[in-house]
Amino acid sequence: MIDLNFIGRSRTKAKYKKTYTDIKASYLSRIRWAVSMFYFGMGLSFATWASRIPDIKTALHLSDGSLGTVLFAIPLGQLVIMPFSGKLVTRFGSCRVLIFSLLLYVFSLTNLGLAKETWQLSLGLFLFGIFGNLSNIAVNTQGVYTEVLYKKTIMSSFHGMWSLAGFIGALVGLGMLAFELTPYEHFLIVAAIVLLLIAFNFKFLIKAKETLKVEKKKLFSKPDSALIWLGVIGFCCMASEGVMFDWSGVYFKDVIKVPGPLVILGYTSFMITMASGRFFGDHLIHRFGKQLILKIGGVMISVGLFTAVIFPFIIPSTIAFMLVGFGVSTIVPTVYSVAGKNQTVPAGEALTIVSSVSFLGFLMGPPLIGYIAEISSLRFSFAFIGIFGFLIALMVTRIKVID
């Protein structure tokens, strides 16, 4: 057992299969690339599902409210695995858990394309949520390890790969529609790509297991309040992000009423700016500080969503969705980076607390949109989510660990 001095947590220890002391720059770059590819594989898998939601909605004859109910199966799966995911990562190591969970994540994706009934889709999304949560905790733990080895903030670039995968997934989805491939055929092709990414990169993941040397009763004590606040900020951000993933296409189709292929324009514009913002985000954070960037991001989310609601036309709504993309780009990576370096909790468990609360927003936001749209309208539901951005800007000042 050797101290995780490079992570800066005096009470956390880890067991390694290889030494990362004085690691060569070339091998460190290979580690970063490998971790990036796992982020990419996760983003591609989710974007592939999101790109076919309108088609599956039509095929199963789902109303907005029914779709909202079905989409709730994903956060339900996350809630079931939430008490165990952090402990599994701590017990077995993020490397093993990431490989195992991502394999099952893409397998769950392919099964979604086989759904012929609403209950089948719901069951598939439930499993998709379980393995998505496990993959999320494990890959962000790997991201924290890699960031600390680099001794600088690089978490935004990892999430940038996830966003880039989302953009590519949208383009691939458009191509699959052009070739008239079924969702199942589409999902199989993407699953094969992700399996190749795993095969070429799993050997370069950081192999470490963490334990916290405290009495067992403290493992069940009240979480650090800073982690809770970070999770709430992540919740507000990812609720906005989830709405963009699952409802931007529906918004452009039903509210803006764009012609056929342009239905993907809102989603694509959002993904482009979110990915771009994440690749530039680390530089902006170094220059202006985390607090200011988070505040600006929150305001941009609200301004973007309210603009799309007030001006439901193709050009202003496209620009509005671009603003939302810039707004969400740096918030979650920054929140995860801060949480992963918590002084009293292992990275995997700290990330479980924060990312589980955050992902509830990502996964519960879309069903909430469906319910509100059923009662009132889709425009009103987007306006409701728009409030979250201003809440982020207000909450950032309450967390002392964000400098």
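A quick note: this is a predicted structure, and the numbers were derived from the prediction, not measured. One-based numbering along the sequence shown.
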*Side chains of M274 and M244: closer than 4.5 Å at any heavy-atom pair?*
no
*Mind checking whether Y105 and F128 have parallel, tilted or perpendicular rings, split at 30° and 60°?*
parallel
*If the plane angle is over 60° it's perpendicular, under 30° parallel, otherwise tilted; pick one for F131 and F100.*
perpendicular
*Close side-chain approach of W49 to L125, heavy-atom, < 4.5 Å*: yes
*Would a 4.5 Å heavy-atom cut-off, applied to side chains only, mark P312 and R379 as touching?*
yes
_F390, CZ: over 12 other non-hydrogen atoms inside 6.0 angstrom_ = yes
*Please report the shortest heavy-atom distance between M322 and T273, naming the atom on each side.*
O-OG1, 2.9 Å
*asked:* For S94 versus Y145, what's the shortest heavy-atom pair and its separation?
replied: OG-CE1, 3.7 Å
*Does the pair I168 and F40 meet the rule for a side chain to side chain contact (heavy atoms under 4.5 Å, CB included), with working shown?*
CA-CA 10 Å; I168 293 176; F40 186 90; 3.7 Å; yes
*Report the relative orientation of the aromatic rings in H159 and Y39; use parallel for angles under 30°, tilted for 30 to 60°, perpendicular for over 60°.*
tilted
*Over 12 foreign heavy atoms within 6.0 Å of NZ, K295*: yes
*With sequence neighbours excluded, tell me which residues meet side chain to side chain contact (heavy atoms under 4.5 Å, CB included) with I154.*
R32, T146, E147, Y150, K152, S157, F158, D282
_Checking side-chain contact (heavy atoms from CB on, under 4.5 Å) between I369 and each of V250, L67, L71, V243, which is the one that passes?_
V243
_Quick check: do V357 and I228 have side-chain heavy atoms less than 4.5 Å from each other?_
no
